[in-house]
Number of protein chains: 2
Amino acid sequence: MSVKNARLQEVARAAGVSYITAWRALNDPDLVSEKTRAKVSRAVEDTGYLPNAVARSLVSASSGVIGAIVPTLEDSIFADTIQGVADVLHSAGQELLVGLSSYDSRREAELIRAFMGRQIDGLILTGRNHEADVQRLLKSGRAAVVEVWDYGEPAIDMLVGFSNTEMARAVTAFLCTKGYRHIAFVTVSGRRRGRERLAGYRKELAARNLSIDPALEITCAPTLSGGGDALDHLMALDRPPDAIFFNGDTIAIGAHLRGRAKGLTYPADVALVGVHDLEIARHVDPPLTSVRIPRYRIGEQAAKLLLARGQGKSDAPEKQNLGFEIVERGTT
Amino acid sequence: MSVKNARLQEVARAAGVSYITAWRALNDPDLVSEKTRAKVSRAVEDTGYLPNAVARSLVSASSGVIGAIVPTLEDSIFADTIQGVADVLHSAGQELLVGLSSYDSRREAELIRAFMGRQIDGLILTGRNHEADVQRLLKSGRAAVVEVWDYGEPAIDMLVGFSNTEMARAVTAFLCTKGYRHIAFVTVSGRRRGRERLAGYRKELAARNLSIDPALEITCAPTLSGGGDALDHLMALDRPPDAIFFNGDTIAIGAHLRGRAKGLTYPADVALVGVHDLEIARHVDPPLTSVRIPRYRIGEQAAKLLLARGQGKSDAPEKQNLGFEIVERGTT
DNA sequence: TTGAAAGCGCTACCAT
DNA sequence: ATGGTAGCGCTTTCAA
């Protein structure tokens with residue numbers, strides 16, 4: 001059963017040509033006569049030869065592999081980004097090594113080291129917060145690095161995303177403009193991005209001289225139920241919010257459905273905003289106001305930057321702020 | 001900026017020991033004196049040495065990498081399986097190469113060849129339908145293979161999943177038992193799994209002497225809107241169905257929301273069943289009857305089989321039927 | 001406990 | 001148009 005792969009040497013023997021000729025027939029066919037080429041490709045068929053990309057990587061010091069590290073694939077958010085990366089890499093014949101950090105920067109660091117040891121050509125990292133130990137490695141230039149999802153300073157090298165702080169400010173400003181004054185902010189526990197957005201929310205309230213009420217800043221589980229629970233909690237306060245900014249559509253939709261079941265009306269009883277603009281946001285009743293984030297494009301662009309860098313097209317650090325868009329619907 | 005990685009030779013020099021001693025200090029530390037070990041690990045620090053896993057793979061003929069090919073990450077279905085795979089592999093220090101086939105078996109074949117050329121230790125494939133050209137390669141034993149998601153015959157080697165045909169039969173039988181007699185089946189266009197399930201649905205209807213009405217077998221887009229459109233279409237028929245079996249919760253939920261907006265009542269006007277038991281199924285009103293599929297566990301088990309095979313723990317083909325469970329809720 | 005050297009399969013540079 | 005060979009960085013076998 002377990003058969004060792006034929007090497008190019010075997011192919012050459014089977015074709016009755018020298019090793020180097022067989023090599024050229026495959027890698028530089030113009031330098032080889034028609035007849036020889038035919039013999040070699042028959043021999044390839046017969047032997048079931050498949051080039052050993054590991055040996056190639058060793059000598060060429062470039063692996064044709066890109067690494068991408070995201071926190072999780074369990075919500076579709078980062079999965080969409082990975083899909084974008086994979087689609088671009090496929091067209092360039094590059095492979096994709098995926099690492100899941102579970103929002104743990106130590107685990108991320110392990111993955112970075114493991115990937116670097118495999119001579120990856122490029123690395124895509126989620127966020128700009130990485131363990132101190134790996135900073136030197138990341139900046140060593142052994143692999144091109146793109147940080148994604150969080151546009152800001154400082155960056156290791158290339159950067160593709162949008163500003164979380166700006167986004168949270170913009171949403172808060174939007175709600176204020178609509179007349180809401182007592183705005184809650186709900187985030188998923190233990191995630192850094194939530195903290196950055198919280199800062200934006202606070203900044204905007206401060207800029208408008210609105211008070212920051214700690215009772216309105218809460219966390220919940222990253223599920224529909226979690227969002228529902230957050231809504232229950234907030235609406236039971238002595239002074240419930242008139243608007244709730246959910247840091248994610250999943251929890252926003254969870255709240256929406258829970259509230260509807262309890263007889264709440266949006267936005268009369270309370271206004272709701274989510275983030276990500278998942279398809280479901282358009283399909284609940286009333287549809288959910290949300291923020292469109294270019295999840296797939298972030299991945300696409302990151303991969304394109306890596307490919308361009310690989311071809312030496314650019315050596316200057318590239319930074320792309322892809323922005324976001326508030327999509328106003330019935331819940332506000 | 002771009003600095004070449006230190007080789008073990010440099011480390012040895014910096015530590016003032018021979019190459020092989022440095023090697024042993026890192027890979028077989030018991031064979032080396034305490035003092036030497038300390039010197040070497042200091043030298044590793046100083047040089048920023050990171051072992052070259054590519055060179056290791058070349059000589060050891062084993063890469064420490066597993067490949068997994070799924071159709072897409074765009075619905076969370078396969079993303080959950082990948083997450084399961086990654087979680088298991090992480091604990092074993094193996095890396096994960098991900099390939100997305102877009103439901104295209106030629107693209108899958110390309111990915112298989114590319115992955116095999118990289119000397120992967122194991123390969124996880126979605127489904128049992130693979131291009132003829134790669135069958136030989138898959139059976140060559142160069143990498144351990146697990147097919148996932150579709151339990152049945154024949155299999156290349158190992159197998160983890162559940163029977164699509166049985167699942168569709170069981171759902172159809174469940175609906176018949178509840179008294180429904182005019183059951184529609186909605187599947188997403190162009191996906192093989194849908195066809196297998198269609199066969200199960202037909203088989204069960206035939207077994208009960210219920211007529212198979214081609215007008216009730218339709219396809220739709222893989223979105224909430226697609227499901228809504230399917231509902232509209234079916235309910236506008238001269239003789240609309242009394243129950244609809246949606247091959248996926250996304251389209252089922254889309255139909256559910258569309259129907260509610262039009263004033264339909266479930267199950268009085270029509271019964272709905274989905275597949276996958278996404279969290280949202282429990283949160284719509286009335287909650288959606290669905291089929292629980294062990295998506296994450298499929299990935300976990302597949303990875304575990306691969307690891308066990310790698311350690312030579314088993315060489316017999318392993319097949320695991322993880323089953324499914326109909327979760328009855330308010331829409332039936 | 002330490003050392004020397006062959007070789008994994010390929011690419012690239014030297015030839016003829 | 002075809003051929004020989006050094007060497008990528010590591011693991012492993014044989015020796016001391």
Side-chain angles (χ1 to χ4, degrees), chain A residues 2-41 43-44 47-65 113-114 116-121 142, chain B residues 2-40 43-44 47-65 113-114 116-121 142-143:
Chain A
S2 183
V3 182
K4 223 164 139 11
N5 187 16
R7 285 161 303 138
L8 189 48
Q9 183 57 256
E10 268 95 75
V11 175
R13 214 184 329 262
V17 302
S18 77
Y19 181 95
I20 190 66
T21 302
W23 186 85
R24 286 208 186 91
L26 298 177
N27 296 286
D28 213 344
D30 292 343
L31 295 182
V32 151
S33 76
E34 175 76 33
K35 247 183 9 200
T36 314
R37 230 179 303 157
K39 277 192 293 183
V40 171
S41 53
V44 167
T47 53
Y49 172 75
L50 199 63
N52 185 328
V54 172
R56 173 176 308 185
S57 302
L58 180 60
V59 52
S60 66
S62 133
S63 58
V65 176
R113 274 187 282 264
M116 287 293 200
R118 292 190 185 279
Q119 314 299 106
I120 50 165
D121 296 338
R142 281 199 253 164
Chain B
S2 183
V3 182
K4 222 166 140 13
N5 187 15
R7 284 161 302 137
L8 190 48
Q9 183 58 256
E10 267 96 76
V11 176
R13 217 187 324 265
V17 301
S18 76
Y19 180 94
I20 190 66
T21 302
W23 186 86
R24 288 208 185 92
L26 298 177
N27 296 286
D28 213 344
D30 292 343
L31 296 182
V32 151
S33 75
E34 174 76 32
K35 248 184 6 202
T36 314
R37 230 178 303 157
K39 278 192 293 185
V40 171
V44 167
T47 53
Y49 172 73
L50 199 62
N52 184 328
V54 171
R56 175 177 309 191
S57 300
L58 180 60
V59 53
S60 66
S62 134
S63 59
V65 176
R113 274 187 281 264
M116 287 291 201
R118 290 187 187 282
Q119 313 298 105
I120 50 165
D121 296 338
R142 280 199 255 165

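Sequence lines set the chain letters: A, B, ... in the order given, protein chains first and strands last, and positions in each chain run from 1.
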Atom pair distance, as rounded to whole Å: CD1 in Ile20(A) and P in dT16(C): 16 Å

Asn52(A) vs Arg7(A) side-chain heavy atoms within contact, under 4.5 Å: no

Heavy-atom check, side chain of Arg118(B) versus side chain of Val65(A), under 4.5 Å: yes

Between dT1(C) (P) and Tyr19(B) (OH): distance, integer Å: 21 Å

Touch class at under 4.0 angstrom, heavy-atom based, for Ser18(A) against every strand present: sugar-phosphate

Touch class at under 4.0 angstrom, heavy-atom based, for Thr36(B) against every strand present: sugar-phosphate

Separation of atom CG in Asn27(A) from atom C1' in dT11(C), rounded to whole Å: 8 Å

Sugar-phosphate, base or nothing in reach of Val32(B), heavy atoms under 4.0 Å: sugar-phosphate

Along DNA chain C (nearest heavy atom to each residue), the more 5'-positioned of Leu58(A) and Arg24(B): Arg24(B)

Residue among Val32(B), Val11(B), Val40(B) satisfying side chain to side chain contact (heavy atoms under 4.5 Å, CB included) with Val17(B): Val40(B)

Touch class at under 4.0 angstrom, heavy-atom based, for Leu8(A) against every strand present: sugar-phosphate

Of Asp30(A) and Asn52(B), the one whose closest DNA chain D nucleotide lies more 5': Asp30(A)

